[in-house]
Asker: 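Below you'll find the structure I mean.
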Amino acid sequence: MKTALVTGVTGQDGSYLADLLLRKDYRVVGMVRRLSMENFGRIEHLLDDIELVQGDLLDQMSLIDIMAEIKPDEIYNLAAMSFVPTSWKQPVLTGEFTALGVIRMLEALRVAAPNARFYQASSSEMFGKVRETPQNELTPFYPRSPYGVAKVYGHWITVNYRESYNLFACSGILFNHESPRRGLEFVTRKVTDGVARIKLGLQKELRMGNIAAKRDWGFAGDFVEAMWRMLQQDEPDDYVIATGEARSVEELLGLAFGHVDLDWREHVVVDSGFLRPAEVDYLVGDASKAKRILGWEPEIGFEELISMMVDADMELVGRTVAARGR
Ligand code: NAP
Ligand code: G4F
């Protein structure tokens, strides 16, 4: 039985990856940071099947101790401060978590688990003000946020440790991926939750930022499969993971409101408070290397993804409404 260590197991991707690794009969150890109250909402269904250890990307010794103790075969470094707007409000902390956190993980691996295979959660946000379209593994980076800059550091330090110490370290450059487990502040979930609240009478309007922005949106459940496949290859490498199709936030609004027979124009208010100091206008990925080498392709398309998310939020918000009525 292989042992996998997953940082960020309480997050969207961590929870889907833990589901997948359990299906593949791994021993799954999730690293969680100490909070005054547990936030196990996304992994509640897994708590009997996974082990949890306490550690923090800010604390080097905790990472070394965990790796020495559990002796992982595979390490998936998903933990990060992942919300782009917060990276302007807390740029130093973002650098500590999202950039230096990666080298702390790699240093721990180097001293305590040098034979473990390592996955780094890199991001299409590194392409930022894009140099070419679509973006592939050779496209130069031009990050547009403190988050994107931190991810560029995490990406290159992973490549550097692979080349310096001959580690099996891979970096997945993942384009946006979403699900019913997505955090409420990200645009897809903000919209699907907003649609459910409007449809069920809990709110009237939805305040949005730049609705012209375009993203290449896939399903998180498909994307964690690509992470796993990267660590099963003979050689470590870096891969772009994307659907190859870009949609605008406006198209997202049309689909999500339309799914419950609402017209988004009657409810959406553009609010300059949600605009970013520097925007990433248009991202679309070329995942042909992942298709060729990993045999990976997305299964769930954008329409199906948004319908799934609206349906899930209708059910969730519906339960809140019913509980209030009791
Ligand atoms: P998420 O839902 O925001 O989850 C982030 C996870 O990191 C949470 O489990 C969080 O723990 C943990 N974390 C944050 N700071 C930590 C620290 N100092 N020590 C230990 N754990 C810490 O993010 P996600 O969407 O699952 O994304 C997973 C990774 O992929 C992130 O690195 C993200 O930047 C990257 N990524 C995501 C996408 C995407 O579209 N989703 C695309 C490209 C790359 P708490 O629960 O305690 O807060
Ligand atoms: O959903 P978002 O906040 O995601 P963003 O900034 O693309 O970042 C996500 O994907 C990255 C991969 O490229 C990850 F690395 C990162 O961790 C995160 O998961 O915003 C998407 C777009 C942006 O252009 C934003 O300006 O939607 C636009 N948008 C328009 N109105 C909005 C809103 N975004 C948010 N969050 N809220 C709005 O009201």
Side-chain angles (χ1 to χ4, degrees), residues 6-17 30-35 37-43 54-59 62-63 76-87 93-94 96-98 100-102 104-105 119-128 135 143-145 147-148 150-151 154-155 171-179 181-191 194 206-220 223-224 227 240-242 247-250 252-253 268-271 273-285:
V6 181
T7 74
V9 73
T10 53
Q12 171 189 255
D13 290 8
S15 67
Y16 279 102
L17 181 65
M31 188 183 93
V32 294
R33 49 184 172 167
R34 193 265 161 190
L35 299 173
M37 199 184 254
E38 289 170 348
N39 64 339
F40 295 160
R42 294 184 177 107
I43 52 169
Q54 253 183 32
D56 198 300
L57 290 180
L58 299 184
D59 190 275
S62 68
L63 305 178
Y76 296 86
N77 184 35
L78 308 183
M81 198 306 289
S82 74
F83 188 50
V84 172
T86 298
S87 76
L93 191 66
T94 300
E96 287 286 350
F97 283 4
T98 305
L100 293 181
V102 184
R104 291 192 194 98
M105 287 293 290
Y119 172 85
Q120 167 57 18
S122 287
S123 165
S124 54
E125 186 70 12
M126 300 189 302
F127 296 122
Q135 296 85 48
R144 293 272 281 172
S145 60
Y147 168 83
K151 281 286 178 187
H155 177 80
S171 175
I173 305 174
L174 270 54
F175 282 63
N176 300 50
H177 45 279
E178 320 292 314
S179 74
R181 299 183 200 167
R182 187 58 144 152
L184 283 165
E185 70 273 54
F186 297 92
V187 75
T188 52
R189 187 76 199 287
K190 176 172 170 176
V191 169
L206 185 60
R207 304 187 82 81
M208 301 290 302
N210 174 19
I211 63 172
K214 287 189 171 173
R215 289 291 184 278
D216 178 334
W217 278 296
F219 171 52
F223 279 44
V224 297
M227 298 175 186
V240 159
I241 302 298
R247 308 295 185 106
S248 65
V249 174
E250 193 173 320
L252 159 68
L253 289 166
V268 169
V269 177
V270 173
D271 179 341
F274 288 104
L275 299 179
R276 298 174 181 189
E279 175 65 297
V280 173
D281 296 314
Y282 178 26
L283 291 176
V284 63

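First listed ligand is number 1; within each ligand, the first listed atom is number 1.
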Asker: Counting each atom of ligand 2 from 1 as listed, which ones have a heavy atom of N210 under 4.0 Å away?
Answerer: 28 (C), 30 (C), 31 (N)

Asker: Nearest protein heavy-atom contact for atom 1 (O) of ligand 2: which residue, which atom, what distance?
Answerer: V187 N, 2.8 Å

Asker: Let me confirm one number: the CD-CD distance from E178 to Q12, rounded to the nearest 0.5 Å.
Answerer: 6.5 Å

Asker: Find all atoms of ligand 2 within a distance of less than 4.0 Å from any non-hydrogen atom belonging to F83, and give their numbers and elements.
Answerer: 3 (O), 36 (N)

Asker: For ligand 2, which atoms, with element, lie under 4.0 Å from some heavy atom of E125?
Answerer: 13 (O)

Asker: As a check for students: among R189, R276, R182, identify the option with a heavy atom nearest to atom 2 (P) of ligand 2.
Answerer: R276

Asker: Checking the N or O distance criterion of under 3.5 Å, is ligand 2 in contact with A213?
Answerer: no

Asker: Run L174 and M227 through side chain to side chain contact (heavy atoms under 4.5 Å, CB included) and show every step you take.
Answerer: CA-CA 9 Å; L174 270 54; M227 298 175 186; 3.7 Å; yes

Asker: Rounded to the nearest 0.5 Å, how far does CD1 of I241 lie from NE2 of H177?
Answerer: 10.0 Å

Asker: Could you please spell out the steps behind the side chain to side chain contact (heavy atoms under 4.5 Å, CB included) verdict for Q135 and V240?
Answerer: CA-CA 8 Å; Q135 296 85 48; V240 159; 5.8 Å; no

Asker: Considering only non-hydrogen protein atoms, determine which one is nearest to atom 23 (C) of ligand 2 and report residue, atom name and distance to 0.1 Å.
Answerer: R215 NH2, 3.4 Å

Asker: Would you mind finding which of E178, R144, K190 brings a heavy atom closest to atom 38 (C) of ligand 2?
Answerer: K190

Asker: Just which atoms of ligand 2 are under 4.0 Å from any heavy atom in V84?
Answerer: 6 (O), 8 (O)

Asker: List the closest protein heavy-atom neighbour of atom 36 (N) of ligand 2: residue, atom name, distance to the nearest 0.1 Å.
Answerer: E185 O, 3.0 Å

Asker: For the CE atom of M81 and the OH atom of Y147, what is their distance to the nearest 0.5 Å?
Answerer: 8.0 Å

Asker: With no hydrogens and no angle check, is any side-chain donor or acceptor of R42 less than 3.5 Å from a backbone partner on R181?
Answerer: yes

Asker: Quick one, list the residues around ligand 1 where some non-hydrogen atom comes in under 4.0 Å, by chain and residue number.
Answerer: G8, T10, G11, Q12, D13, M31, R33, L35, N39, D56, L57, L78, A79, A80, S82, F97, A121, S122, S123, Y147, K151, L174, F175, N176, H177, R182

Asker: Applying ring-ring contact (aromatic ring centres under 6.0 Å, His included), can you list everything that pairs with F186, at least two apart in sequence or on another chain?
Answerer: F83

Asker: Considering only protein heavy atoms, which is closest to atom 11 (C) of ligand 2, and at what distance to one decimal place?
Answerer: S123 OG, 3.7 Å

Asker: Can you pull out the closest protein heavy atom to atom 4 (O) of ligand 2? Residue, atom name and distance to 0.1 Å, please.
Answerer: N176 ND2, 3.6 Å

Asker: What are the atoms of ligand 2, with element, lying closer than 4.0 Å to any heavy atom of E279?
Answerer: 23 (C), 24 (O), 25 (C), 26 (O)

Asker: Under 3.5 Å, N or O to N or O, is S82 touching ligand 2 that way?
Answerer: yes

Asker: Side chain to side chain contact (heavy atoms under 4.5 Å, CB included) for Q120 and M105? Distances and angles first, verdict last.
Answerer: CA-CA 10 Å; Q120 167 57 18; M105 287 293 290; over 6 Å; no

Asker: Measure the distance from atom 31 (N) of ligand 2 to every protein heavy atom, then report the residue, atom name and distance (to 0.1 Å) of the closest one.
Answerer: G209 N, 2.9 Å

Asker: Test your reading of the structure: does S124 have an N or O sitting under 3.5 Å from an N or O of ligand 2?
Answerer: yes

